[in-house]
Structures are given as structure tokens and as C-alpha cells.
A.B. asks: 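Shown below is the structure under consideration.
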Amino acid sequence: MQDTPSPEAGAHAASRAVIDTDVLVVGLGPVGAALANLLGRHGVRVMAIDASPAIFPKPRAIALDSEALRILQAAGVQEGDFATVAIPQVVYHSPVFGPFARMNTTAVRDGHPSLVTFYQPELESVLRERLRQYPEVCVHLGTELRSFIDDGTRVTALVQSRDGSHRTVHARYLVGADGANSLVRRSLGLAFDGASFAQDWLIVDAHEVPHPIDHVEFICDPGRPTPHMVAPNGRQRWEFMLRPGEAREDMERPESIRRLLAPWCDTNSIQIERTAVYRFHARLAAAFSKGRCFLVGDAAHITPPFAGQGLVAGLRDVANLGWKLAWVTRGLASNAILASYDQERRPHARKIIDLARFLGALVMPSNRAAAFLLHGAIRLARILPSGRALFDDMKIKPQNTFAKGLFRHRAKGRLHTGALFPQAWVRHGRTTVLSDEILAADWALVGVGVDPAAQLPEDLLQAWQAVGGRAWQWCHRGQAQHLGPAHRRVEALDDTLHGRLPWGWIVLVRPDRCIFAEGPVEQAADLVRMAIEDLTGAPFTPAPRARGGVEHEPHGAIA
């Protein structure tokens with residue numbers, strides 16, 4: 001990675017009138033930085049620019065779920081690289097009924113906590129630091145996009161540095177990660193429909209708060225709705241809805257902030273770290289892509305914070321888009337697979353926005369009568385087991401499962417094509433690790449108890465490897481018979497798969513861990529052929545005769 005305005009980056013740029021790259025990423029917040037890492041992992045040439053020379057210091061996102069942590073894992077961020085606090089529960093308080101709803105967030109999902117809070121500037125620093133390991137990724141800070149043209153074969157962009165100099169960038173694809181006011185989206189002429197909440201909110205981060213809570217609570221009082229939560233390194237956050245007539249300038253004054261915090265703590269013993277006033281929005285772009293240009297994160301959708309899914313949704317975007325761009329730019333797949341990005345991501349983003357708007361109605365009822373009706377209805381619903389499961393077990397949260405896209409629906413499935421393949425703890429050789437670390441950034445053909453590669457003709461196995469496919473035998477613990485080669489064998493240390501799938505079942509998994517297809521092992525050749533044809537856009541032609549060859553060593557495997 002090269003950082004502008006370093007002398008090396010300046011000299012490199014000065015020696016070239018035009019910069020050529022595979023992907024131009026506009027915006028290097030956490031979403032853009034995660035995408036650059038995902039692309040860099042595949043060796044894709046990336047130029048990432050951001051108008052700001054430094055990371056934005058104001059309060060922003062604070063919550064991540066297990067799915068977001070799994071995506072960050074794929075981007076090279078390991079547990080402990082940035083501080084988090086695991087949240088055991090989310091509690092909703094009513095002025096009429098007291099605690100009327102609760103979400104249990106103690107479960108571990110796919111190897112990660114269900115819900116954590118974090119400090120966004122620290123995460124952004126980690127993601128940017130990770131980019132240094134990829135020589136193909138070039139970062140230019142203090143550089144903004146001025147204009148671009150998509151001529152159908154490439155994108156030609158004009159960018160401007162802080163010193164006023166301009167450069168021309170030729171990119172095969174452009175990704176707008178440039179926030180809610182995205183120039184990329186506006187230049188593409190894509191509508192950004194939705195609604196804005198009429199209220200402003202004051203966000204306060206404080207240090208050294210006596211008797212801090214260990215969870216997230218929503219005070220759903222129509223007089224002053226107030227979310228309150230714990231955060232890493234001794235932080236607490238409050239979000240206060242401003243009442244009509246309260247000016248943001250007045251409410252950000254130290255005396256106003258301390259007055260608002262008085263019910264929770266001795267305001268003379270705390271340290272106010274950061275404050276900001278925001279107005280929340282719920283908006284969705286008319287499309288997430290147009291031609292060779294794509295939108296991710298807030299450029300594509302804005303989610304009110306009541307579900308804690310704003311940044312999570314952006315990370316889902318780049319997990320979905322990143323591998324597809326990598327496969328196309330590396331010549332492993334047809335350009336046609338990129339159409340599935342909008343098809344898969346936009347419907348789920350809409351569902352998450354709808355969830356956030358519903359939870360927002362619970363948090364900020366318009367008056368006490370509305371609070372009585374809304375909160376009372378939720379309290380009554382939780383009397384029934386199904387109602388408790390809806391909230392307590394977070395079944396109200398839409399699963400990231402696609403109805404249409406780049407996968408094959410099959411009758412009598414055991415999992416769900418278009419859903420995420422579960423992550424488990426496994427042993428590979430003498431190393432115990434989460435399974436995504438072994439499956440790496442490749443396509444995976446996973447056989448439960450069986451070696452699926454043994455079911456493939458040699459020419460089909462070679463074609464599978466040529467499009468970035470791997471084969472794995474997922475052994476139950478202690479399995480001793482009918483084992484495939486050690487380098488493509490993992491030993492399950494829990495029942496994540498064996499508790500759900502019968503022996504001899506196979507699953508085709510995309511690099512973003514979406515399930516492409518599944519079935520009995522006898523169908524392995526048919527399913528692999530489907531995947532190859534869907535990727536390349538051409539029918540697979542078997543070789544006229546078997547040819548000798550040596551299987552490729554696994555990429556990214558741990559010895």
C-alpha cells in the first residue's frame with residue numbers, strides 16, 4: 001500500500017500521466033477500507049481515495065453483529081485487533097410498563113459474539129494498517145473524485161489532490177463508498193428515495209462513568225427517548241432526541257450535556273469525550289450498480305441506528321461484491337456475475353431499513369398514548385412463546401438470505417441455498433482454527449464425512465481448481481476411515497455441520513460463504529459443473545480423455 005502524500009507515492013504518480021488500476025474505490029471509511037482489504041487479498045490492483053487526510057473523529061457507528069465480525073475476519077482483522085465489548089442483552093424501557101421487551105444477545109454465532117460495541121476510529125485505523133501488506137493496493141488520502149465517465153469498457157475518472165493537482169485514473173470498475181452524499185451515486189443519476197426523521201439527536205460519548213451498565217438500553221419515553229450503551233475502554237454512549245425548539249448549538253454546550261446526563265451519573269466525575277448532532281435517515285438507492293460502477297455502504301443505503309445495522313449492512317455489501325470483482329478482474333469468471341450484486345443485496349438492505357424504522361417507532365413514540373399502545377402490544381405478544389422468540393431470540397431480524405441471485409435452488413435441501421454457510425471450530429493438521437481460515441477466500445466444495453474430490457472426473461476437478469475452487473472433507477471428530485488427503489481434510493470440533501447434515505452430504509460454498517448448492521455426494525459432479533458454468537457463462541466441455549496432473553497445493557492452508 002502507498003499512502004499519499006508520501007514522497008514515494010508522489011514520485012510514483014508524477015512519473016505517470018495516467019494511473020491504471022482494476023478497481024477505483026472512492027471513500028476509505030470502514031466500508032471502503034474493508035473492500036480494499038478483500039480485493040487486496042486476491043491480488044486485485046486497487047486505487048483507494050478519500051477526500052479527508054485523516055480518519056473522522058466524531059461519534060458514528062458503535063455496534064457490530066456476528067456477521068459483521070465474520071466479514072472483518074475475512075478482511076484480515078483478527079480478534080483483539082480492535083477493542084470490543086460483548087453485549088449480553090438489549091432492554092427496552094417504557095414509561096408506562098417499565099421493561100417491556102428484551103433481546104438476548106449472549107449467543108455465539110459463527111464463532112463470534114452476537115453483538116458487540118466498538119470504537120469506530122480504532123477499527124478504521126486497523127483496516128487501513130492492514131492495507132500495507134498488499135502492494136497492489138494504493139491509497140491516496142486528501143484526494144477527491146471530481147468526475148468520471150463509464151464508456152462501457154472502462155471507467156475514466158478525474159481526481160484532485162489537496163495541492164490542486166489533477167490526475168486521470170483508468171479503472172476497469174469504480175466503487176462508490178463515499179457516504180450518504182455520494183458523488184458517485186449522484187453522477188450515475190440514481191434516485192435515493194426514503195424518509196428523514198424530523199428529530200435531531202445529540203450523541204454523547206463519555207469516559208470514566210461510575211457504575212457503568214454492561215448492556216444496551218433504550219429509554220422509550222416520548223418526552224426524551226434515550227438509547228444508552230456501554231462501549232470499549234471505559235466508554236458509555238447516550239443518544240438524546242432533541243425536543244422542538246431546542247437548538248443544536250445550545251444542546252452541545254457542556255452545561256446542557258451535563259444536565260442531560262445527571263439522571264445517570266455524577267456529571268462532575270466523568271469526562272466528555274465527543275459530541276455530535278445528527279438527523280437520522282432511511283434511504284435506499286434505486287439500484288446498487290450501473291454499468292461498471294457500484295455503490296456500497298451509505299452511498300447505497302442509509303439505515304436509522306435503532307437496529308445497530310448501519311455499518312453491518314455496508315460490510316455485507318463489500319463481502320458480496322468484493323469476491324465477484326476479484327473473480328472477474330482475475331479472469332476467473334464472466335462479467336455477468338456482477339449483476340447478482342444488486343439482485344442479492346438490495347432486497348435485504350430494504351428489510352433492514354424497515355426493521356430499523358419499526359424499532360424506531362418503539363423507541364420514540366409520539367406521545368404517552370402511542371407508547372401505551374405500542375409498548376403494551378409488544379408486552380402482550382411476549383406472553384406467548386412465539387412472541388418471546390420474536391424479540392428475545394432476535395427472530396425479528398431479517399436473515400441475510402437471498403431469494404434470487406448467483407446460486408442454485410435444489411429440492412430437498414438440508415441447509416438453504418442463498419443463505420450463509422455456518423462457521424465452526426475445526427482442526428487442520430495440528431492447528432485449531434475457525435473454519436473460514438481454512439476455506440480461505442476460495443470457492444469450497446465441502447463433503448460431510450466424505451472426500452468430494454473423489455467424485456469428480458480429473459478434468460472436472462482441474463476445471464474447478466482453475467476457477468478458484470477447492471475440495472474439503474469435513475470429518476467428524478476422530479474419523480479414521482475413508483479419509484482424503486490430509487491437506488484437504490478438516491476435523492470438526494463441534495456439531496455445527498454434523499448436527500444438521502447427514503454423512504455423505506456436500507455443500508458448494510462461495511467465497512463470501514453464501515451457499516451456492518447442496519445435495520448428496522453422488523451429485524458432486526453435477527453441482528460443480530453448474531457452478532463452473534454459472535461463473536464462466538459457458539458450458540463445461542469434458543476432456544476427450546483423462547489427463548495426468550498434480551492437484552494444486554491449497555492456497556492459504558495452515559500446516
A.B. asks: Ring pair (Phe, Tyr, Trp, His ring centres under 6.0 Å) with F372: which residues, sequence neighbours excluded?
C.D. replies: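 F372 satisfies ring pair (Phe, Tyr, Trp, His ring centres under 6.0 Å) with F97 once adjacent residues are dropped.
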A.B. asks: Check S114 against T105 and note the closest heavy-atom contact, atom names and distance.
C.D. replies: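 Smallest heavy-atom distance, with atoms named: CB-O, 3.5 Å.
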A.B. asks: Is there side-chain contact between V209 and W264, with at least one heavy-atom pair below 4.5 Å?
C.D. replies: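 No. Closest side-chain heavy atoms not under 4.5 Å.
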A.B. asks: L72 and L123: side-chain contact (heavy atoms from CB on, under 4.5 Å), yes or no, with the steps?
C.D. replies: CA-CA 10 Å; L72 290 172; L123 173 59; 4.1 Å; yes
A.B. asks: List the atom of V230, the atom of D214, and the distance in Å for their closest heavy-atom pair.
C.D. replies: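 Looks like CG1-C, 3.8 Å.
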A.B. asks: Near N181 CG, under 6.0 Å, is it more than 12 heavy atoms from other residues, nucleotides or ligands?
C.D. replies: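 Result for CG/N181: open.
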A.B. asks: Quick one: pull up CD in E79 and CG in L434 and give me the separation to the nearest 0.5 Å.
C.D. replies: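 Spacing of CD (E79) from CG (L434) equals 8.5 Å.
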A.B. asks: Report yes or no: do Q73 and H112 form a side-chain donor-acceptor pair below 3.5 Å?
C.D. replies: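 Distance-only check passes for Q73 and H112.
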A.B. asks: Verify, without hydrogens or angle tests, whether Y278 (side chain) and R60 (backbone) share a donor-acceptor contact under 3.5 angstrom.
C.D. replies: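 Such a contact is absent between Y278 side chain and R60 backbone.
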A.B. asks: May I have the step-by-step check of side-chain contact (heavy atoms from CB on, under 4.5 Å) for L315 and V312, ending in yes or no?
C.D. replies: CA-CA 5 Å; L315 292 173; V312 176; 5.7 Å; no
A.B. asks: Mark yes when over 12 heavy atoms from residues, nucleotides or ligands other than R388 sit less than 6.0 Å from its CZ; otherwise mark no.
C.D. replies: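 Yes.
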A.B. asks: So does V318 get a backbone contact from the side chain of R345, meaning a donor-acceptor N/O pair under 3.5 Å?
C.D. replies: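 Checked: no pair found.
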A.B. asks: Start with the C-alpha gap between K397 and E67, add the side-chain angles, then the distance that decides, and say whether salt bridge (charged side-chain N to carboxylate O under 4.0 Å, His left out) holds.
C.D. replies: CA-CA 12 Å; K397 178 182 174 183; E67 190 177 345; 5.4 Å; no
A.B. asks: Check whether any side-chain heavy atom of H93 sits under 4.5 Å from a side-chain heavy atom of H228, and report yes or no.
C.D. replies: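 Not in contact.
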A.B. asks: Does any part of the side chain of D317, heavy atoms only, come nearer than 4.5 Å to the side chain of F294, both counted from C-beta?
C.D. replies: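 No, every pair of side-chain atoms sits at 4.5 Å or beyond.
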A.B. asks: So, taking the atom named CZ in F421 and the one named OG in S435, what distance separates them when rounded to the nearest 0.5 Å?
C.D. replies: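 It comes to 6.5 Å.
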A.B. asks: Looking only at side chains, do D494 and T496 share a donor and an acceptor under 3.5 Å apart?
C.D. replies: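 Looking only at side-chain atoms, T496 and D494 do form a donor-acceptor pair, the distance falling under 3.5 Å.
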A.B. asks: Without swapping roles, check the side chain of S256 against the backbone of D250 for a donor-acceptor pair under 3.5 Å.
C.D. replies: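 Pair found, side chain donor or acceptor close to backbone of D250.
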A.B. asks: Is there a donor-acceptor contact under 3.5 Å from the side chain of H281 to the main chain of R279?
C.D. replies: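 At least one qualifying donor-acceptor pair exists.
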A.B. asks: Kindly give the heavy-atom pair with the smallest separation between R70 and P422, and that separation in Å.
C.D. replies: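 Answer, listing the atom of R70 first, then P422: NH2-C, 3.9 Å.
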A.B. asks: Without hydrogens or angle criteria, can the side chains of R259 and T267 be said to hold a donor-acceptor pair below 3.5 Å?
C.D. replies: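 No - no donor-acceptor pair under 3.5 Å links their side chains.
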A.B. asks: What I want to check is whether the side chains of D65 and Q309 have a donor and an acceptor closer together than 3.5 Å.
C.D. replies: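 There is such a pair (donor and acceptor under 3.5 Å, judged by atom type) between the side chains of D65 and Q309.
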A.B. asks: Check the orientation of F306 and W201. Use parallel for under 30°, tilted for 30 to 60°, and perpendicular for over 60°.
C.D. replies: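 It falls in the perpendicular class, over 60°.
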A.B. asks: Evaluate E273 against Y119 for side-chain contact (heavy atoms from CB on, under 4.5 Å), listing each step before the verdict.
C.D. replies: CA-CA 12 Å; E273 179 184 29; Y119 182 59; 3.7 Å; yes
A.B. asks: One pair to check against salt bridge (charged side-chain N to carboxylate O under 4.0 Å, His left out): R382 and D392. What are the steps and the verdict?
C.D. replies: CA-CA 9 Å; R382 291 182 70 245; D392 294 31; 3.1 Å; yes
A.B. asks: Are the side chains of L311 and P30 in contact, using a 4.5 Å heavy-atom criterion?
C.D. replies: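 SC-SC contact between P30 and L311 confirmed.
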A.B. asks: Compare every heavy atom of A492 with every heavy atom of W474, then report the nearest pair and how far apart it is.
C.D. replies: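 Closest heavy-atom pair between W474 and A492: NE1-CB, 3.3 Å.
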A.B. asks: Would you call R146 and L183 a side-chain contact if the rule is heavy atoms closer than 4.5 Å?
C.D. replies: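 With C-beta onward as the side chain, the pair stays apart.
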A.B. asks: For V184, is there any backbone N or O sitting under 3.5 Å from a side-chain donor or acceptor partner on S182?
C.D. replies: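 A pair under 3.5 Å: yes.
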A.B. asks: Hey, does H348 have a side-chain heavy atom less than 4.5 Å from the side chain of P398?
C.D. replies: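 Side-chain contact under 4.5 Å: yes.
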A.B. asks: If you count heavy atoms of other groups shown closer than 6.0 angstrom to CZ of R274, is the number above 12?
C.D. replies: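 Enclosed: over 12 neighbouring heavy atoms sit under 6.0 Å from CZ of R274.
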A.B. asks: Quick one: CZ on R253 to OG1 on T275, what's the gap to the nearest 0.5 Å?
C.D. replies: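 Separation between the atoms: 13.0 Å.
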A.B. asks: Is it true that a side-chain atom of D512 and a backbone atom of N320 form a donor plus acceptor pair closer than 3.5 Å?
C.D. replies: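 Side chain of D512 to backbone of N320, a donor-acceptor pair under 3.5 Å: no, none is there.
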A.B. asks: Using 0.5 Å steps for rounding, measure from the CZ atom of R128 to the CD1 atom of I55.
C.D. replies: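 Reported value, rounded in 0.5 Å steps: 4.5 Å.
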A.B. asks: Has R258 got more than 12 heavy atoms of other residues, nucleotides or ligands less than 6.0 Å from its CZ?
C.D. replies: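 For R258, atom CZ is crowded (more than 12 foreign heavy atoms under 6.0 Å).
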A.B. asks: Report yes or no: does N400 contribute a side-chain atom to a donor-acceptor pair with the main-chain N or O of L420 at less than 3.5 Å?
C.D. replies: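 Such a contact is absent between N400 side chain and L420 backbone.
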A.B. asks: Going from CG on L38 to CG on L325, what distance comes out if it is rounded to the nearest 0.5 angstrom?
C.D. replies: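 L38 atom CG to L325 atom CG measures 10.5 Å (nearest 0.5 Å).
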A.B. asks: Taking C-beta and beyond as the side chain, do R316 and I71 meet within less than 4.5 Å on heavy atoms?
C.D. replies: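 Result yes, sub-4.5 Å side-chain heavy-atom pair found.
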A.B. asks: Rounded at 0.5 Å granularity, tell me how far CZ in F82 sits from CD in Q120.
C.D. replies: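 Interatomic distance, F82 CZ to Q120 CD, rounded to 0.5 Å: 10.5 Å.
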A.B. asks: List the steps, then state whether side-chain contact (heavy atoms from CB on, under 4.5 Å) holds for L359 with Y92.
C.D. replies: CA-CA 10 Å; L359 294 177; Y92 294 80; 3.9 Å; yes
A.B. asks: Determine whether a donor-acceptor pair (N or O, by modelled atom type, separation under 3.5 Å) exists between the side chain of R368 and the backbone of P222.
C.D. replies: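 Side chain of R368 to backbone of P222: no pair is present.
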A.B. asks: Classify the ring geometry of F391 against F358: parallel below 30°, tilted from 30° to 60°, perpendicular beyond 60°.
C.D. replies: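 F391 and F358: tilted rings.
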A.B. asks: Would you say CD of Q399 has more than 12 non-hydrogen atoms from neighbouring residues, nucleotides or ligands within 6.0 angstrom?
C.D. replies: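 At most 12 heavy atoms, drawn from other residues, nucleotides or ligands, come within 6.0 Å of this atom.
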A.B. asks: Is there a donor-acceptor pair closer than 3.5 Å between any side-chain N or O of N367 and the backbone N or O of A370?
C.D. replies: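 Flag set: sc N367 to bb A370 pair under 3.5 Å.
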A.B. asks: Looking only at heavy atoms, what is the nearest atom pair of L127 and A33, with distance?
C.D. replies: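 Looking at all heavy atoms of both residues, the closest pair is CB-CB, 3.8 Å.
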A.B. asks: Find out whether the Lys NZ or Arg CZ of R185 is both under 6.0 angstrom from the six-membered ring centre of F192 and within 45° of the ring's axis.
C.D. replies: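 Yes, a cation-pi geometry.
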A.B. asks: Taking the side chain from Q423 and the backbone from D436, do they hold a donor-acceptor pair closer than 3.5 Å?
C.D. replies: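 Flag set: sc Q423 to bb D436 pair under 3.5 Å.
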A.B. asks: If I compare all heavy atoms of A300 with all of F288, which pair ends up nearest, and what's the gap?
C.D. replies: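 That would be O-CE1, 3.5 Å.
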A.B. asks: Using salt bridge (Lys or Arg N to Asp or Glu O under 4.0 Å) as the criterion, list what pairs up with R237, not counting sequence neighbours.
C.D. replies: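 Result, salt bridge (Lys or Arg N to Asp or Glu O under 4.0 Å) vs R237: D205.
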A.B. asks: Evaluate the side-chain proximity of R41 to R130: yes if any heavy-atom separation is below 4.5 Å, no if none is.
C.D. replies: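 R130 does not reach R41 side chain to side chain.
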